[in-house]
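Below is one structure, written out as structure tokens; comments come after it.
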Amino acid sequence: ITVSDLVDTSYKRIHEVEDKVHAFLTLDEENARAKAKELDSKTDATAKLFGIPAGIKDNIVTKGLRTTCASQFLRNFEDPLYDATVVEKLNQEKSVTIGKLNMDEFAMGSSNENSGFTPTRNPWNTDYVPGGSSGGSAAAVAAGEVLFSLGSDTGGSIRQPAAFCGVVGLKPTYGLVSRFGLVAFASSLDQIGPLTRTVEDNARVLEVIAGHDPMDSTSANVEVPSYTEALTGDVKGLKIAVPKEYLAEGVNPEVKEAVLAALKVYESLGATWDEVSLPHSKYAVATYYLLSSSEASANLSRFDGVRYGVRSENAENMIDMFKKSRSEGFGEEVKRRIMLGTFALSSGYYDAYYKKAQKVRTLIKNDFEKIFKEYDVVIGPTTPTPAFKVGEKINDPLTMYANDILTIPVNLAGVPGISIPCGLSPEGLPIGLQIIGKHFDERTVFRAAHAFE
Ligand code: GLN
């Protein structure tokens with residue numbers, strides 16, 4: 001099989017399903033085919049991802065390839081000047097970028113319905129959402145359009161769509177993967193990670209994109225171990241913690257059942273599990289929306305109609321231009337977050353909201369630390385329910401936010417978490433099992449995930 005064959009299969013599939021799935025915002029067919037030809041002319045094919053077709057979430061900057069963050073504000077950002085570090089690393093290992101993937105605008109959302117273009121649909125059943133914000137990244141892998149994709153996860157945006165689309169999605173430890181070239185949403189929470197069909201593929205991609213980057217001041221200076229070597233299939237003696245809050249009210253019976261069945265599998269493989277508590281997790285959603293919106297309000301101030309993207313045409317002066325460009329360019333959800341964040345950071349409210357949320361964040365982090373003194377991994381569902389219907393939650397932001405209740409604590413604590421498929425609901429929709437590990441212990445997370453698979 002040649003690289004050209006692989007790339008050809010990828011575009012064939014895309015042309016077959018895209019009018020139903022809408023996973024892509026931009027395709028790069030001409031360049032991808034040219035690159036495939038070039039790779040095929042090489043005799044040396046030792047690169048780790050040689051010729052593998054990949055999709056990139058559209059908030060990750062790609063040199064010369066349109067990068068919109070699914071925002072109308074950036075619809076004309078056709079020609080970024082550089083590649084994000086992760087893209088550079090993929091290029092070094094010779095994967096082929098097929099195109100840029102749809103998402104909720106600026107990664108704010110859980111259903112892809114906040115895309116400023118057109119929402120992605122769940123390939124399992126197009127009446128349902130694919131999850132978000134990396135819904136395009138999950139759907140493209142699930143529909144067989146690419147072999148892997150990159151997403152970003154601030155509060156669940158890799159794991160939740162992976163769960164809804166029945167694929168494997170990892171949010172790495174904060175600082176393991178460079179954020180240079182990732183358009184910032186909430187800088188203290190954002191992480192890039194791989195979405196794949198198998199745990200092994202996921203480990204292979206992480207091996208390529210992880211590692212210290214001087215261009216990202218929060219990038220950790222740690223050795224990248226071999227993740228694939230950790231996939232031994234052996235979980236004898238593994239100590240699993242199951243937070244009672246993760247199987248409590250609000251979690252669908254079918255989801256709970258699938259997770260309990262998964263725990264039985266672990267038992268049969270020689271692992272043990274105990275019920276534990278993450279007592280502060282009930283504050284996680286409120287804490288997250290305060291902190292992430294605060295950071296977003298600062299990060300998105302760079303979109304002023306001067307430096308990036310679309311400029312309003314009928315402005316009378318500079319301030320008016322800022323105002324009109326932002327009013328016209330941003331979607332509703334993005335505006336909601338900017339207003340919430342600006343309020344939480346304003347003088348007089350800072351102590352009551354932002355500062356308090358920071359303190360609760362520490363408590364949530366401590367909850368995990370305490371558990372990890374005794375246990376190797378934490379296991380629970382990725383989401384309280386399988387995918388919901390398009391339109392079902394869009395008019396109720398609070399219900400939409402609550403869907404992230406099981407993924408958000410992981411970002412607040414900065415630890416790694418993976419979602420792997422663990423069964424189907426009676427409607428035939430995938431259910432995700434979430435495995436959470438210690439800081440920089442992706443090896444154990446992968447080992448546990450692989451043994452179940
Ligand atoms: N759904 C969450 C939000 O809307 C998480 C998004 C993300 O992880 N980028 O903020």
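Fair warning: this is a prediction, and the values are worked out from it, not measured in the lab. Whatever order the structure lists them in is the order used to number ligands and atoms, beginning at 1.
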Original post:
Can you check side-chain hydrogen bond (donor to acceptor under 3.5 Å, both in side chains) on Gln160 and Asn403, steps first, answer last?
Top reply: CA-CA 9 Å; Gln160 186 254 24; Asn403 198 257; 3.1 Å; yes
Subject >> Charged tip of Lys239 within 45° of Tyr375 ring normal and under 6.0 Å >> reply: yes
Original post:
Tell me the side-chain hydrogen bond (donor to acceptor under 3.5 Å, both in side chains) pairs involving residues 342-352, sequence neighbours left out?
Top reply: none
Original post:
When you measure from the side chain of Arg361 to the backbone N and O of Ala413, does any donor-acceptor pair fall under 3.5 Å?
Top reply: no
Subject >> Side-chain (Lys282) to main-chain (Glu245) donor-acceptor, under 3.5 angstrom >> reply: no
Subject >> Tyr128 ring center within less than 6.0 Å of Phe164 ring center >> reply: no
Quick one: table the atom pairs, ligand 1 N or O against protein N or O, below 3.5 Å, distance rounded to 0.1 Å.
residue: ligand 1; atom: 1 (N); partner: Gly109; partner atom: O; Å: 2.9
residue: ligand 1; atom: 1 (N); partner: Ser110; partner atom: OG; Å: 2.8
residue: ligand 1; atom: 1 (N); partner: Asp404; partner atom: OD2; Å: 2.7
residue: ligand 1; atom: 4 (O); partner: Gly109; partner atom: N; Å: 2.9
residue: ligand 1; atom: 4 (O); partner: Tyr289; partner atom: OH; Å: 3.4
residue: ligand 1; atom: 4 (O); partner: Arg337; partner atom: NH1; Å: 3.4
residue: ligand 1; atom: 4 (O); partner: Arg337; partner atom: NH2; Å: 2.7
residue: ligand 1; atom: 8 (O); partner: Thr154; partner atom: N; Å: 2.7
residue: ligand 1; atom: 8 (O); partner: Gly155; partner atom: N; Å: 2.6
residue: ligand 1; atom: 8 (O); partner: Gly156; partner atom: N; Å: 3.3
residue: ligand 1; atom: 8 (O); partner: Ser157; partner atom: N; Å: 3.0
residue: ligand 1; atom: 8 (O); partner: Ser157; partner atom: OG; Å: 2.6
residue: ligand 1; atom: 9 (N); partner: Ala107; partner atom: O; Å: 2.8
residue: ligand 1; atom: 9 (N); partner: Thr154; partner atom: OG1; Å: 3.3
residue: ligand 1; atom: 9 (N); partner: Ser157; partner atom: OG; Å: 2.7
residue: ligand 1; atom: 10 (O); partner: Tyr288; partner atom: OH; Å: 2.7
residue: ligand 1; atom: 10 (O); partner: Arg337; partner atom: NH1; Å: 2.8

